[in-house]
Amino acid sequence: MRSLYPSKKFAIGAVSIFLLLFSLTVSAQTIDPSAYSMLQWRMIGPHRGGRTVGATGVVQQPNVFYIGVNNGGVWKTTDYGRTWLPVFDEQPTGSIGDVAVAPSNPNVVYAGSGEGIQRPDLSVGDGVYKSTDAGKTWVNTGLKDAQQIGGLAIDPNDENKVFVAALGHPYGPNTERGVYRTTDGGKTWDRVLYKDENTGAIQVTIDPTNSNIVYADMWAGRQGPWENGEWEGPESGLFKSTDGGTTWVKLTTGAALGCRWFGSDWILHCGK
């Protein structure tokens with residue numbers, strides 16, 4: 001769970017609600033509650049300090065999961081979470097914002113470095129990493145100046161087509177931010193959604209039934225050099241592409257509006 005503040009732009013909450021409703025619509029099915037009524041959440045590790053800000057499973061391998069930790073690198077389990085092994089320790093950064101496995105090839109794993117949140121104490125990264133051997137080795141594919149990468153999305157049918165949500169510098173403006181796309185497995189990156197040097201992207205997702213439909217959450221936020229000194233710009237919002245990320249339209253109705261975080265318990269409120 002990401003640590004957020006009540007003054008942050010409603011876009012973060014909006015995209016969370018949208019993705020929840022979208023996933024329920026796509027995978028809607030009737031399950032007898034008795035099948036899971038006795039299940040309870042339990043801690044499965046790894047036992048370390050910090051925040052786990054990215055997690056993913058492997059469709060073809062139900063026993064395999066990866067997690068990305070804000071300042072602890074990438075961890076992997078192959079026994080349903082019974083044991084976890086660090087697989088990113090040889091890299092120059094330990095700050096991870098998201099981890100994604102290619103649905104069409106479980107050996108291809110991407111990790112976005114930089115924890116991808118706005119808070120007084122944070123750690124930045126140095127780009128997007130890729131593994132082609134299920135996390136054994138990694139290469140840096142670029143976007144080093146993005147510093148914070150909060151979201152990754154891989155085309156369900158094409159392991160070489162990947163979207164990156166680059167949030168950018170947390171304490172000042174920079175141009176390497178927004179939504180980036182690669183169609184050659186990270187050899188080159190094209191910036192396909194950009195507003196200005198103050199607005200980055202915090203999340204991106206692909207419709208699993210139609211990879212031409214892509215959603216991205218843009219966030220204009222900056223931290224001050226003092227505790228809880230933040231700045232927010234006007235360009236935040238939820239965007240949609242229907243041509244595989246080439247062109248984008250800002251959504252201005254429905255769940256894309258009216259959501260904000262309130263109170264010390266970070267309660268999300270939508271509507272009037």
Side-chain angles (χ1 to χ4, degrees), residues 2 4 8-28 53-54 56 97-98 100 102-104 110 112 116-118 128 143 146 148-168 175-183 186 188-221 232-261 268-272:
R2 296 180 184 273
L4 296 173
K8 298 307 178 189
K9 269 299 190 186
F10 65 82
I12 308 304
V15 79
S16 300
I17 289 179
F18 173 82
L19 295 179
L20 175 60
L21 295 176
F22 181 78
S23 63
L24 291 175
T25 301
V26 170
S27 60
V53 295
T56 185
D98 201 10
S104 61
Y110 286 85
I117 60 177
Q118 296 283 20
V128 179
L143 302 182
Q148 295 191 93
I149 295 175
L152 298 168
I154 306 176
D155 189 300
N157 304 308
D158 184 357
E159 65 188 69
N160 293 311
K161 185 177 181 181
V162 184
F163 290 88
V164 168
L167 190 56
T175 57
E176 194 164 273
R177 59 172 71 208
V179 177
Y180 286 80
R181 178 184 64 190
T182 180
T183 57
T188 59
W189 294 95
D190 296 316
R191 191 173 62 188
V192 293
L193 177 58
Y194 177 76
K195 301 305 293 183
D196 57 37
E197 70 277 11
N198 300 310
T199 307
I202 184 65
Q203 280 294 336
V204 62
T205 189
I206 301 173
D207 184 335
T209 64
N210 183 352
S211 58
N212 283 322
I213 298 177
V214 188
Y215 292 89
D217 189 11
M218 302 292 284
W219 186 10
E232 295 180 357
E235 295 292 346
S236 299
L238 186 62
F239 290 76
K240 178 180 180 180
S241 173
T242 58
D243 55 9
T246 301
T247 60
W248 298 80
V249 175
K250 186 174 184 179
L251 303 181
T252 58
T253 58
L257 291 180
C259 297
R260 292 182 180 276
W261 295 91
L268 183 67
H269 178 269
C270 299
K272 297 181 179 180

field: side chain to side chain contact (heavy atoms under 4.5 Å, CB included) assessment of Arg181 paired with Thr246
entry: CA-CA 9 Å; Arg181 178 184 64 190; Thr246 301; 3.2 Å; yes

message: If you compare all heavy atoms of Leu251 against all heavy atoms of Lys240, which two are closest, and at what distance to 0.1 Å?
response: CD2-CB, 4.0 Å

message: Between Ile154 and Val162, is there a side-chain heavy-atom distance shorter than 4.5 Å?
response: yes

Separation of Asp217 CG from Thr205 OG1 (nearest 0.5 Å): 11.5 Å

- request: State, to 0.1 Å, how close Arg177 and Arg191 come at their nearest heavy-atom pair, and which atoms those are.
  value: O-CD, 3.4 Å

statement: Heavy-atom nearest pair, Leu193 first then Met218, reads CD2-SD, 3.7 Å

field: Atom pair OH (Tyr215) and CD (Gln203), whose distance is rounded to the nearest 0.5 Å
entry: 15.0 Å

field: Test side chain to side chain contact (heavy atoms under 4.5 Å, CB included) applied to Thr242 and Asn212, step by step
entry: CA-CA 5 Å; Thr242 58; Asn212 283 322; 5.9 Å; no

- prompt: Would you say Asp190's side chain and Val192's backbone share a donor-acceptor pair under 3.5 angstrom?
  reply: no

query: Which value, rounded to the nearest 0.5 Å, describes the distance between Thr183 atom OG1 and Phe163 atom CZ?
result: 9.5 Å

- request: First locate atom CG of Asp98, then atom OH of Tyr110, and finally report the distance between them rounded to the nearest 0.5 Å.
  value: 13.5 Å

statement: Correct closest heavy-atom pair for Ser236 and Ala220 would be OG-N, 2.9 Å

- request: Measure across Thr188 and Thr182 and return the closest heavy-atom pair with its distance rounded to 0.1 Å.
  value: O-OG1, 2.8 Å

- prompt: Roughly how far, to the nearest 0.5 Å, is NZ of Lys195 from CZ of Phe239?
  reply: 4.5 Å

query: Side chains of Trp248 and Val179: does their closest heavy-atom pair fall under 4.5 Å?
result: yes

query: Do any N or O atoms from the side chain of Glu197 and from the backbone of Thr175 form a donor-acceptor pair under 3.5 angstrom?
result: no

query: Atom OG1 in Thr252, atom NZ in Lys250: separation rounded to 0.5 Å?
result: 8.5 Å

- request: Would you name the heavy atoms of Val204 and Val214 that are closest together and state the gap between them?
  value: CG2-CG1, 3.7 Å

- request: Report the residues that fulfil side-chain hydrogen bond (donor to acceptor under 3.5 Å, both in side chains) with Ser241, sequence neighbours left out, ordered by chain and then residue number.
  value: Asp243

